[in-house]
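We're numbering straight along the sequence, starting at 1.
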Amino acid sequence: MKLELEGKLALVTGASRGIGFACVEALLAEGARVAMVSRDPARLEAAAAGLGGGDAVLYAAADTSDPASARRGYDSIVARAGVPDVLICSAGAAAFHDPLTIASDDWRKAWDAKFLAVMTMIDCAKPDMIARGSGVIVPIIGTGGKVAQTAHLCGGAANAALMLATVGLGVALAPKGVRVVGLNPAATATDRAVSARQDYARILGVTVDELTRQYARTFPMGRSASPREIAEVAIFLASARAAYLAGTIVNVDGGQTPAL
């Protein structure tokens, strides 16, 4: 299937690892140009260098939860390559917490780490896409916004807010020629997920191995998704093949969240 992404410029946040990096690889395989954004300059440079994409790859270090930093990173990309045709927001992950000891600062940090990490970059790209009359925005959110997990209430609440904002923006921007479509992965087999599982196991008072076995049983397919499996759906949503999708969120969870 031809996705018609050849020559398009896609800006990907959280691009130095995990799902974001898998999106970069998938986009390059489709002939797109890719602008990588991540907050760790050394890891970002190493990730970009390892792709061998030549002129098809550029990057800018930015903390997308900080509006000023996000703006600098976005403006740097636009100055070098123009307004992106596609924005895939994969940056942001909130910490796990014992629900009995959550403090107000924990909620605030989760909001910054997840909700603002997506919305600040959307706010950068949105006016340019509206002015041009075209563009696609794909926030990668998470099924934790649909189902409350006791150790992930802060992050889940931020995800839920991001889901609502995604749907609302999709409805508001569709008449302007800009599509907004969200993607909800369940836990995915990334390095970050391994670290998060260690925190989750500590909060629940079980071993990591036991938690892993318990978690695997919740997946009808018996396993977590790979980053590339999530990325393939993300770039499909960003492509011409999904041209009539807007203001909605697609679950990519292997059937783990059987809810309307």
Side-chain angles (χ1 to χ4, degrees), residues 10-15 18-20 22-23 26-27 37 64-65 67 70-71 74 83-94 107 110-130 132-149 152-188 225 227 229-253 256-257 259-260:
L11 192 163
V12 181
T13 71
I19 294 171
C23 287
L27 285 159
V37 174
T64 58
S65 67
R71 169 53 67 182
Y74 177 80
V83 175
D85 301 288
V86 173
L87 171 62
I88 297 178
C89 297
S90 185
W107 297 103
W111 186 262
D112 289 344
K114 185 65 183 190
F115 186 84
L116 289 182
V118 173
M119 295 308 300
T120 53
M121 191 56 75
I122 291 177
D123 288 344
C124 289
K126 180 175 60 178
D128 288 339
M129 289 183 172
I130 291 172
R132 186 182 55 202
S134 67
V136 186
I137 299 170
V138 183
I140 297 178
I141 308 168
T143 55
K146 292 174 67 70
V147 179
Q149 301 175 16
H152 195 238
L153 294 180
C154 297
N159 280 354
L162 188 51
M163 289 167 61
L164 186 142
T166 295
V167 172
L169 283 173
V171 173
L173 298 187
K176 306 297 183 181
V178 179
R179 292 194 299 113
V180 185
V181 188
L183 190 160
N184 267 352
T188 305
E229 287 173 314
I230 303 302
E232 294 285 2
V233 179
I235 68 167
F236 167 77
L237 295 177
S239 78
R241 302 286 74 79
Y244 204 64
L245 279 178
T248 192
I249 297 171
V250 177
N251 277 6
V252 187
D253 63 357
Q256 190 193 30
T257 316
L260 298 177

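- Atom CZ of residue R179 and atom OG of residue S134 lie 11.0 Å apart, to the nearest 0.5 angstrom.
- T13 contributes a side-chain N or O that, together with a main-chain N or O of A91, makes up a donor-acceptor pair within less than 3.5 Å.
- Judged by distance alone, the side chains of S239 and R241 never bring a donor and an acceptor atom under 3.5 Å apart.
- The two residues G18 and P227 make their nearest non-hydrogen contact at O-CB, 3.9 Å.
- Summarising the geometry of A158 relative to A110, their closest heavy-atom pair is CB-O, 3.8 Å, with the distance given to 0.1 Å.
- Interatomic distance, CG of L164 versus CG of N159, reported as 12.5 Å (0.5 Å rounding).
- Considering only heavy atoms from C-beta on, E229 stays 4.5 Å or farther from V252 through its side chain.
- Within the 4.5 Å cutoff, the side chain of L87 has heavy atoms near those of the M129 side chain.
- Annotation for G142 and N184: closest pair N-OD1, 3.0 Å, computed over non-hydrogen atoms.
- When side chains are defined from C-beta on, K146 does not count as touching I249, because their heavy atoms never get closer than 4.5 Å.
- Contact record, A225 with T188: O-CG2, 3.2 Å, taken as the closest heavy-atom pair.
- Between the side chain of K114 and the main chain of I141, a donor-acceptor pair closer than 3.5 Å is present.
- Between I88 and L27 there is a side-chain heavy-atom pair separated by less than 4.5 Å.
- For the pair M119/I122, a side-chain contact is recorded, criterion being any heavy-atom separation below 4.5 Å from C-beta on.
- Contact between G155 and A94 at its shortest, heavy atoms only, is CA-CB, 3.5 Å.
- Judged by distance alone, the side chain of T120 and the main-chain N or O of V118 form no donor-acceptor pair under 3.5 Å.
- Atom CD1 of I137 and atom CE of M121 lie 11.5 Å apart (nearest 0.5 Å).
- The shortest distance between side-chain heavy atoms of I140 and I19 falls below 4.5 Å.
- At a threshold of 4.5 Å between non-hydrogen side-chain atoms, the residues V136 and L237 do not count as touching.
- Between T166 and G182, the shortest heavy-atom contact is CG2-N, 3.6 Å.
- When side chains are defined from C-beta on, T64 does not count as touching Y74, because their heavy atoms never get closer than 4.5 Å.
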